[in-house]
Amino acid sequence: QVQLVESGGGLVQAGGSLRLSCAASGRTFSNYAMGWFRQAPGKERESVAAINWNGGSTYYADSVKGRFTISRDNAKNTVYLQMNSLKPEDTAVYYCNLAPSLGRLFNPGNFEVWGQGTLVTVSS
């Protein structure tokens with residue numbers, strides 16, 4: 001069973017930065033693409049960013065492009081999300097997940113197993 005543990009969330013003022021981490025276990029990490037998702041209060045979960053198995057390809061939602069950077073360390077079985085220039089609309093619980101291909105990370109409906117998430121709150 002895959003296990004996903006997200007961390008690094010917190011309260012930050014608009015314009016600030018946070019770095020999220022997600023540690024994955026139960027799978028051979030380097031065989032999988034990884035993605036970050038978020039769910040704001042009263043809204044559906046959405047894909048935020050994704051990275052292929054070796055970091056050579058990345059995807060970003062338009063709402064975070066130029067502000068967020070996804071990266072991974074296969075030696076540590078960890079994927080990161082560096083979030084800069086945060087806005088109040090970035091407030092959400094952030095989750096990670098893994099998939100055999102990058103494309104499957106565009107749709108959160110493809111996943112049944114999730115971690116507990118990490119809450120990011122951006123104050124104005």
Side-chain angles (χ1 to χ4, degrees):
Q1 179 78 349
V2 64
Q3 290 190 320
L4 303 159
V5 180
E6 301 92 346
S7 62
L11 174 63
V12 63
Q13 289 188 330
S17 298
L18 282 175
R19 189 194 195 203
L20 306 184
S21 299
C22 167
S25 61
R27 293 286 189 274
T28 302
F29 184 78
S30 59
N31 286 351
Y32 290 86
M34 297 294 299
W36 283 97
F37 303 80
R38 68 185 180 187
Q39 187 165 18
K43 295 188 177 181
E44 293 187 350
R45 196 166 299 186
E46 62 177 352
S47 176
V48 174
I51 188 167
N52 76 330
W53 70 277
N54 67 355
S57 295
T58 55
Y59 154 83
Y60 296 95
D62 287 343
S63 57
V64 306
K65 205 170 291 184
R67 301 187 298 120
F68 290 11
T69 302
I70 188 170
S71 61
R72 66 189 294 160
D73 185 338
N74 287 346
K76 295 182 179 180
N77 288 4
T78 301
V79 62
Y80 305 98
L81 187 67
Q82 177 67 43
M83 305 187 296
N84 299 329
S85 302
L86 282 161
K87 304 176 181 180
E89 51 263 44
D90 294 319
T91 295
V93 179
Y94 284 72
Y95 302 87
C96 66
N97 225 311
L98 74 174
S101 63
L102 194 66
R104 288 188 60 81
L105 292 163
F106 300 162
N107 179 6
N110 288 332
F111 304 94
E112 295 182 352
V113 177
W114 295 91
Q116 83 289 347
T118 186
L119 175 63
V120 172
T121 304
V122 184
S123 63
S124 57

#### Entry: Minimal non-hydrogen separation, Pro108 against Ser47, with atom names
CD-N, 4.4 Å
### Task
Using modelled atom types only, decide if a donor and an acceptor are shared between the side chain of Asn77 and the backbone of Ser25 within a distance under 3.5 Å.
no
### Query
Do any N or O atoms from the side chain of Glu6 and from the backbone of Cys96 form a donor-acceptor pair under 3.5 angstrom?
yes
### Query
Could you walk me through whether Gln1 and Val113 pass the side chain to side chain contact (heavy atoms under 4.5 Å, CB included) check?
CA-CA 9 Å; Gln1 179 78 349; Val113 177; 3.6 Å; yes
### Query
Do Leu18 and Val122 belong to the same hydrophobic cluster, where Ile, Leu, Val, Met, Phe, Trp and Tyr are linked whenever their side-chain heavy atoms lie under 4.5 Å apart, directly or via other members?
yes
### Task
Heavy atoms only: give me the nearest Leu119-Ala92 pair and the separation to one decimal.
CD1-O, 3.6 Å
#### Entry: Pairwise distance OG(Ser17) to CZ(Phe68) - rounded to 0.5 angstrom
9.5 Å
### Message
Please say yes or no: joined through hydrophobic side-chain contacts below 4.5 Å, possibly via intermediate residues, are Phe29 and Leu81 part of one cluster?
### Response
yes
### Query
With sequence neighbours excluded, what pairs up with Trp114 under the ring pair (Phe, Tyr, Trp, His ring centres under 6.0 Å) test?
Phe37, Tyr95, Phe111
#### Entry: Exceeds 12 heavy-atom contacts within 6.0 angstrom, atom CZ of Arg45
yes
### Query
Pick from Trp36, Tyr59, Tyr60: which one makes a ring-ring contact (aromatic ring centres under 6.0 Å, His included) with Phe106?
Tyr59
### Message
Determine whether Ile70 and Val48 satisfy the following criterion, side chain to side chain contact (heavy atoms under 4.5 Å, CB included), listing intermediate values before the conclusion.
### Response
CA-CA 9 Å; Ile70 188 170; Val48 174; over 6 Å; no
### Message
I'd like to know whether NZ of Lys43 has more than 12 heavy-atom contacts from other residues, nucleotides or ligands below 6.0 angstrom.
### Response
no
#### Entry: 4.5 Å side-chain heavy-atom contact, Leu4 and Leu98
yes
### Query
Are Leu105 and Val79 linked, directly or through other ILVMFWY residues, by side chains that come within less than 4.5 angstrom of each other?
no
### Message
Test side chain to side chain contact (heavy atoms under 4.5 Å, CB included) on Asn74 and Tyr32; report intermediate values, then the result.
### Response
CA-CA 10 Å; Asn74 287 346; Tyr32 290 86; over 6 Å; no
### Task
Flag the pair Asp90 and Lys87 as a salt bridge only when some basic side-chain nitrogen lies within less than 4.0 angstrom of an acidic carboxylate oxygen.
no
#### Entry: Smallest separation among heavy atoms of Ser124 and Ala14, with atom names
CA-CB, 4.3 Å
### Query
Any link between Trp53 and Ile51 through a network of hydrophobic side chains (Ile, Leu, Val, Met, Phe, Trp, Tyr) touching at under 4.5 Å?
no
### Query
Can you check whether Val5's main-chain N or O pairs, donor with acceptor, with Gln116's side chain at less than 3.5 Å?
no
### Message
Does Glu89 have more than 12 heavy atoms from other residues, nucleotides or ligands lying within 6.0 Å of its CD?
### Response
yes
### Summary
To the nearest 0.5 Å, atom OH of Tyr80 lies from atom OG of Ser7 at 9.0 Å
### Worked check of side chain to side chain contact (heavy atoms under 4.5 Å, CB included) between Val120 and Leu20
CA-CA 9 Å; Val120 172; Leu20 306 184; 4.0 Å; yes
### Message
I'd like to check Ser63 versus Arg38 (side-chain heavy atoms, cut-off strictly below 4.5 Å). Are they in contact?
### Response
yes
#### Entry: Gln39 CD to Glu44 CD distance, which is reported to the nearest 0.5 Å
8.0 Å
#### Entry: Expected output: side-chain Arg72 to main-chain Asn52 donor-acceptor under 3.5 Å
yes
